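Owing to the predicted nature of the structure, the values given are computational and were not obtained by experimental measurement. For the numbers below, each heavy atom of this structure counts, side chains included, while hydrogens, waters and symmetry mates do not. Throughout, residue positions are numbered sequentially from 1 according to the sequence presented.
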Amino acid sequence: MFLSCKKSEVVVELSVLATASEGAFEDHRRGAKPSGPSQGQRDLWTLQQLRERSMSAVQEVESATGADEITLFNAISAVASYASQLRALSAKVNLDDRKLVQFVWTNALNSASFSSHKLAFELGAVLFNAAALLSTTGRATVMSIDPAQRSTFPAAIKAACNALLTAAAAFKEIKTVFPLSQDSACVDFTPAVLDALEAVLIADAQELFLKKAMFDNMSPSTIAKLASGTAETFRRAHALLTATSINGVFPANWIHLARGKLGLYEGISYYNQSKVVAATSDSGKYGIQIAWLRAAQNALKSVHVEVFDGGANVAMRIFKGVTGVVLADTSSGFYFQESLSRVKAEVLATMELVKGVLVPAEKDNDIIYVESVPALPALTIPTAAIMVKPDISPLFDIYITNKIFPPLFETLTPLYIRQSQERYLKARTAYLQPIEDLETATTTCRTGLASINLPNAIESVFKPDSQILLEMQQSVMRNCVGDVEFNGQVPPLAHMMQSAASLLLSQRDKTSQLLRAARAALDTEEAEDSEMRHGFGARWTRVESSKLTRGLREAIGGYTDKLDEAQASDAIVLGKVDGNLQNLALLGDEGLLSVLIQGGGAGPLGESGIAAEAASRDEVNKLKGALALLNDLISKRELFLLDVQAAKAADDILPSILEASNGVHVLNEEDVFLVNLKKYDAFVETSVASLKTQNNIMALIMTRNQKFVEWVQTNERLAKRTEFIADHARGVALFKEIMTNLGAGIKFYTDFEPILKKLLVNCQDFCMTRGIEKKELLAELQQKSISQERQVWDGNLSNLNFKFDHNPPPSAPPPFKRQ
């Protein structure tokens with residue numbers, strides 16, 4: 001292999017692409033009625049097989065010691081088949097944002113891996129492998145070309161040239177398919193690397209074109225121009241290979257070969273230009289001929305010294321491992337070694353050829369013509385004739401032997417059609433903006449009415465007292481009682497609150513007692529330890545308690561702070577309980593509520609009093625009429641919007657777009673859109689009229705509501721009832737707030753209790769352990785004290801002399817007698 005292929009060892013399931021939303025892989029042919037998997041899904045399965053076949057083919061080529069021509073061609077065919085279908089899929093769908101599949105490929109120029117969810121990255125990697133295989137095919141053909149075989153030489157040159165140019169085009173297309181920045185971790189796809197690879201292959205193809213011209217014995221003028229073009233392509237390749245941005249990416253033998261061919265073809269161009277000058281009858285031609293010959297000689301000598309003989313033949317030492325340069329692709333070593341050997345032979349042969357003409361020419365000029373020899377900058381360099389151009393079409397036209405028919409993804413809507421559909425939907429949204437404004441206006445209308453408490457304000461006026469009382473009770477049951485069962489009756493809320501407060505205090509006392517007990521245990525143990533230490537002094541050798549209990553006391557201190565903070569919060573909540581206990585007790589008193597809501601019994605209006613009065617007020621009736629008009633308008637609008645939604649659901653622009661499509665883009669797209677949007681004109685006109693009517697009704701409502709508010713505010717009976725209802729609602733909210741706070745406090749102490757119990761157990765265990773240790777130390781000290789007293793007593797006895805009389809008299813003296 002001239003260049004290694006990229007490798008992908010991660011298993012990729014392309015079938016998951018069928019999970020793309022919006023039916024990207026559904027059949028879009030008119031009248032198609034698929035059963036089971038769609039054609040697009042089946043095509044994905046086929047694409048999966050093509051991927052696996054291309055991977056296997058590349059692996060077969062790279063694992064072989066020397067891949068033959070058939071194996072290489074089959075591998076290129078497999079890779080090209082997969083690449084062509086990837087191109088077709090990329091032209092139909094855009095799944096980059098969905099991140100359905102992760103493609104992972106190892107770089108060919110280093111061992112790093114790079115991954116991407118984009119289909120274009122997969123296509124770029126496959127094109128890279130196709131280019132690597134094609135370049136190997138082209139260079140293998142170059143190495144096997146024999147000019148002596150005149151019948152096959154032209155065809156071989158053409159085949160090799162086509163392979164190299166197709167490979168160059170593949171490298172070039174990667175920059176378009178999957179553009180990356182120069183600092184990307186995917187070094188294979190960086191612009192500088194792809195430019196260098198493309199330039200090397202173009203130079204090789206240009207070289208073959210020159211060889212064909214020389215084989216055909218074309219004129220020296222033509223050869224000089226083609227050789228100049230060849231030297232120019234290798235100059236560009238050498239410059240790109242040695243660019244600082246990719247320093248170290250390509251092995252040294254690539255660079256030396258490009259430099260060697262640059263010098264060789266400069267020399268050949270200058271030599272043939274000297275032949276062009278020699279064939280003319282211009283004055284001074286002998287001096288100009290010698291100038292071209294000297295330029296050829298200098299170019300050839302320079303490259304000979306720099307590449308082949310400089311530093312004891314640098315290029316050859318690379319292959320022998322002397323310089324320590326590590327080749328990026330060891331399998332390409334033979335190709336470069338053989339190529340450098342051939343270039344060196346051509347350089348030497350051309351140098352001899354130039355010398356054979358230059359020496360006699362200089363001798364004749366010195367003796368006969370005596371013409372001045374201009375310097376090279378004074379000469380006109382032969383026009384660089386570059387005759388090759390990259391073309392990727394052979395990859396898909398020639399190398400794919402088993403073409404798939406019909407092509408994969410043929411049933412999918414082309415991407416440009418789908419994009420046109422998306423643009424139509426955006427245009428339709430803009431065209432139907434008045435309808436969108438109408439929907440917004442409906443929301444704004446309801447928000448505006450709610451801000452002035454309509455229609456609730458009118459409903460509350462006509463609502464019977466018994467209904468209001470029932471709603472109050474329901475509010476209490478819903479917000480204050482919750483799931484507690486009281487046979488449908490409102491329980492004594494004050495009792496509930498007092499019970500919660502008592503439970504809070506009880507839980508708080510428990511936690512305080514636990515914390516005090518823990519501290520007391522440590523204090524008692526430490527006091528005992530201090531007493532022992534005071535009594536025994538230096539003999540009480542165990543560690544002081546204060547040093548051992550530092551961690552426990554810090555925990556007690558931290559918990560004490562938390563408890564103090566909680567108790568401060570409790571004080572605020574309990575203050576609310578005490579301050580509102582009497583008022584909150586009224587929330588559940590049905591009889592008292594009934595009296596208060598009817599004005600304290602002073603001539604209550606009863607079930608129909610306020611309602612009857614409101615019904616007789618003109619300002620109330622007019623406001624109700626305006627609200628009825630608005631409700632009727634909105635009700636009709638809701639039906640209207642349903643009709644619009646149905647029209648949008650039935651709107652299919654695809655047939656019109658397909659009819660206007662030329663296979664590349666949609667012709668007169670805006671006109672097609674406009675014709676299709678005309679059917680919404682009636683909807684737009686209705687929306688505008690409805691919005692205008694709403695604005696008029698809302699202005700009327702605002703005017704009449706002002707008069708209604710004035711009447712409500714001047715009605716003392718209604719104002720008292722309204723105020724009491726608001727007070728009741730605030731009371732419910734206050735009760736709920738206090739009970740929530742009490743519940744949070746109870747939960748805090750309940751959760752805190754096991755923590756403090758564990759702390760108390762730890763303190764008690766510590767004290768018990770220290771107690772056992774104290775007893776053992778006391779016993780040890782007592783034992784030492786007895787031993788010391790016995791030693792003193794034994795020492796005193798040793799100084800005494802006793803004599804025992806075995807026959808004492810019946811009376812005193814005693815049995816012992818001191819001497």
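For Lys679, the NZ atom is densely surrounded, since the number of other residues' heavy atoms within 6.0 Å is greater than 12. By the neighbour-count criterion of 12 heavy atoms within 6.0 Å, atom CD of Glu670 is sparsely surrounded, having that number or fewer from other residues, nucleotides or ligands.
Inter-residue side-chain proximity for Glu659 and Val672 is flagged as unmet; no heavy-atom pair is nearer than 4.5 Å. The shortest distance between side-chain heavy atoms of Arg637 and Leu641 falls below 4.5 Å. Under the 4.5 Å side-chain criterion, counting only non-hydrogen atoms from C-beta, Leu734 is in contact with Glu737. In this structure, the side chains of Leu89 and Leu123 stay at 4.5 Å or more apart for every pair of heavy atoms. In this structure, the side chains of Leu504 and Leu574 come closer than 4.5 Å at one or more pairs of heavy atoms. Side-chain contact between Leu432 and Lys648: present, with at least one pair of heavy atoms (C-beta onward) separated by less than 4.5 Å. Inter-residue side-chain proximity for Lys622 and Lys707 is flagged as unmet; no heavy-atom pair is nearer than 4.5 Å. Using a 4.5 Å heavy-atom cutoff, the side chains of Tyr680 and Asp651 are in contact.
In terms of modelled atom types and a separation under 3.5 Å, the side chain of Thr447 and the main chain of Thr443 share a donor-acceptor contact. Remark: the backbone N or O of Phe683 is paired with a side-chain donor or acceptor of Ser687 at under 3.5 angstrom. Checking side-chain atoms of Thr190 against main-chain N and O of Val187 turns up a donor-acceptor pair under 3.5 Å. Between the side chain of Ser451 and the backbone N or O of Gly448, at least one donor-acceptor pair lies under 3.5 Å. The backbone N or O of Trp105 sits nowhere less than 3.5 Å from a side-chain atom of Ser8 that would complete a donor-acceptor pair. Side chain of Asn631 to backbone of Leu627: a donor-acceptor contact under 3.5 angstrom is found.
Summarising the geometry, atom CE belonging to Met739 is positioned 8.0 Å from atom OG belonging to Ser499; distances are rounded to the nearest 0.5 Å. Atoms OH and CD1, from Tyr424 and Ile657 in turn, are 8.5 Å apart once rounded to the nearest 0.5 Å.
In terms of heavy atoms, Ala170 sits closest to Leu127 at CB-O, 3.8 Å. The two residues Leu677 and Ala427 have their closest heavy-atom pair at CD1-O, 4.2 Å. When all heavy atoms of Pro655 and Asp652 are compared, the pair lying nearest together is CD-O, 3.4 Å. What you find for Leu47 and Leu408 is that their closest heavy atoms are N-CD1, 4.1 Å. Considering every non-hydrogen atom in both Leu691 and Ala441, the closest pair reads CD1-CB, 3.4 Å. Across every non-hydrogen atom of Phe189 and Ile174, the tightest pair is CD2-CG2, 3.7 Å.
For an aromatic pair to be called close, the ring centres must be under 6.0 Å apart, and Phe121 with Phe114 satisfies this.
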Mind running side-chain contact (heavy atoms from CB on, under 4.5 Å) on Phe673 and Ser420 for me, showing each step along the way?
CA-CA 10 Å; Phe673 291 173; Ser420 181; 3.7 Å; yes

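No option in Gln421, Glu422, Arg423, Arg428 other than Arg428 meets the side chain to side chain contact (heavy atoms under 4.5 Å, CB included) test with Leu425.
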